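Accompanying notes for the structure given below.
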Number of protein chains: 2
Amino acid sequence: MNTIQPRYRQIADELRLLIASGTLKPGDALPTEMELCEVKDISRHTAREALRILTEDGLIARRRGAGTVVTAPPAPAFAQPIGDFESILQYARDAVFIPERTRPASAADLKRMGVEGDYIVYTGLRRATGEAPLAITTILVLRQLAPPLEEVNQLQGSISEWIEGAHGASVSNVIQRMEAVALGKGDAARLGVAAGSPALRTLRRYADTAGRTILVSESLHPAGRFAYEMKLTRQRK
Amino acid sequence: MNTIQPRYRQIADELRLLIASGTLKPGDALPTEMELCEVKDISRHTAREALRILTEDGLIARRRGAGTVVTAPPAPAFAQPIGDFESILQYARDAVFIPERTRPASAADLKRMGVEGDYIVYTGLRRATGEAPLAITTILVLRQLAPPLEEVNQLQGSISEWIEGAHGASVSNVIQRMEAVALGKGDAARLGVAAGSPALRTLRRYADTAGRTILVSESLHPAGRFAYEMKLTRQRK
DNA sequence: TAGTGGTCTAGACCACATG
DNA sequence: ATGTGGTCTAGACCACTAG
């Protein structure tokens with residue numbers, strides 16, 4: 001793969017790393033344009049292009065006459081930056097879902113998840129590698145599309161991607177709902193927190209091109225272990 | 001208000017008008033960079049800057065070797081490619097913010113909200129008409145842009161819209177962070193729930209085109225009174 | 001092959017913020 | 001008064017697309 005990057009992008013990435021790693025903290029000054037020109041041996045235009053990228057990403061703020069400073073607090077490790085459709089699937093890949101049980105969905109399951117139909121339920125924990133469990137996850141899959149449990153266990157990607165590969169179905173949109181809830185006794189115990197503790201409940205409904213809900217997932221993230229972060233960019237008008 | 005616009009922005013606006021008016025339809029070719037340079041008597045850099053703005057707005061698409069064309073018209077409302085920007089402002093209009101107090105931001109305020117600088121704090125409740133309070137809201141506004149409290153009281157739209165109207169500043173993007181938290185005693189009492197109750201904490205940072213954070217808002221929605229819902233549509237590809 | 005957009009250089013003048 | 005970022009010029013070479 002030819003991954004040659006333009007100079008301005010390389011420099012933007014270097015600076016981004018300094019910010020992400022905490023070497024440059026919020027409020028800290030970045031090199032001025034002229035300093036960048038000398039240190040990196042580039043023209044001012046190239047330096048500005050790099051800084052422009054970081055500005056658009058919301059990482060730095062620039063003020064004429066004053067200078068350039070870091071604006072974004074370094075995202076805590078548990079923060080999940082999400083800005084678009086693809087990154088939801090990305091999260092599903094990064095944080096491994098470890099299924100524990102599977103069974104047909106009961107009426108209570110369907111009501112809680114807000115769907116109707118013939119679904120299979122997978123329950124389990126979601127964790128990043130080697131960490132404490134991030135969340136309890138429940139996934140409902142349309143029975144006719146559901147993968148067997150043993151396949152899910154060795155799944156590399158997400159279940160929705162497996163469905164797309166195995167059945168040719170295509171996820172067209174995702175409706176995501178987020179709210180705060182109090183954890184019940186059982187859930188709290190599995191996550192190692194007190195009953196009644198706050199959690200972020202994220203419900204996602206995946207619909208295919210025909211509008212059929214092929215998958216619903218519910219995640220319960222206990223307070224402090226996870227934050228959902230997204231960047232919204234203004235549209236044309 | 002400062003009416004002087006840089007040359008590249010004037011030209012971007014001229015082209016934008018051609019597209020908005022339908023003179024240039026989707027698929028139509030725009031002038032090449034060199035043509036723009038000659039017709040407008042500008043350097044190539046300035047022409048590119050104008051075209052870049054339109055590219056970022058998603059109005060045009062550029063292909064090396066091929067040229068520049070007008071992209072497809074704005075997608076229907078239900079198919080916004082991204083959990084969209086406008087809907088945040090919409091919420092800010094629907095649920096009225098009732099400010100109670102204002103004061104300069106303390107160091108603790110700034111730390112909690114993740115910003116640095118000279119900000120004014122507004123605290124108050126947010127409620128839909130006639131209902132129980134939906135949330136406790138805290139808003140930090142850059143002092144030089146802050147509206148007086150009596151203006152906020154009779155504000156029709158959101159504070160961010162007031163700023164845009166009064167100062168000509170333009171919100172370019174919003175970073176939104178959501179997590180679950182336990183309510184402290186004071187907050188819980190104001191919302192009429194028990195201390196330690198779960199709440200959805202939503203932190204939003206509004207940045208202008210220079211990356212300057214002009215407004216930060218924090219909302220605490222007690223469990224059960226509010227859910228945040230967004231629809232993400234898969235991109236072409 | 002001719003023309004496009006992508007990258008980059010080396011200058012310049014300006015408005016603005018800070019000391 | 002100095003230095004910052006914002007704007008702009010006038011070049012250059014390149015990778016890519018299309019006729």
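None of these values were measured; they are calculated from a predicted model.
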Could you tell me the separation between the CZ atom of Arg7(A) and the P atom of dC14(D), rounded to a whole number of Å?
18 Å

For the side chain of Arg63(A), starting at C-beta, report the closest nucleotide among dG5(D), dC8(C), dA17(C).
dA17(C)

Please report, rounded to the nearest Å, how far the P atom of dT7(C) is from the CD1 atom of Ile11(A).
13 Å

Does Arg62(A) make a side-chain N or O approach to OP1 or OP2 of dG6(D) shorter than 4.0 Å?
yes

Euclidean distance, Arg204(B) CZ relative to Thr213(B) OG1, rounded to 0.5 Å:
15.0 Å

Near DNA chain C, which residues from residues 35-53 of chain A have a heavy atom under 4.0 Å away?
Asp41(A), Ile42(A), Ser43(A), Arg44(A), His45(A), Thr46(A)

Find the distance Glu33(B):CD to dG11(D):C1' and express it as a whole number of Å.
14 Å

Below 4.0 angstrom from OP1 or OP2 of dG5(C), is there any side-chain N or O of Thr68(B)?
yes

Leu15(A) side chain reached by Leu51(A) side chain, heavy atoms, under 4.5 Å:
yes

Quick one: look up who dG19(D) pairs with, Watson-Crick or G-U, both distances under 3.5 Å, and put none if it's unpaired.
none

Is a salt bridge present between Glu49(A) and Arg48(B), judged by a nitrogen-to-oxygen distance below 4.0 Å?
no

If you compare every side-chain N and O of Tyr8(B) against the phosphate oxygens of dC8(D) (OP1, OP2), does one of them come in below 4.0 Å?
no

Please verify the inter-ring angle class for His221(A) with Phe226(A); under 30° counts as parallel, over 60° as perpendicular, anything in between as tilted.
parallel

Lys/Arg-Asp/Glu bridge criterion (N-O < 4.0 Å) met for Glu116(B), Lys25(A):
no

Between dA15(D), dT7(C), dT18(C), which nucleotide gets closest to the side-chain atoms of Arg64(B)?
dA15(D)

Atom pair distance, as rounded to whole Å: CZ in Arg212(B) and P in dC16(C):
13 Å

Please round to the nearest 0.5 Å and tell me the distance separating atom CG of Asp28(B) and atom OG1 of Thr23(B).
9.5 Å

Qualifying residue, where the test is side-chain hydrogen bond (donor to acceptor under 3.5 Å, both in side chains) with Lys40(A) and the options are Gln10(A), Glu35(A), Glu14(A):
Glu14(A)

When rounded to whole Å, the CE to P distance for the pair Met34(A) and dA10(C) reads 11 Å

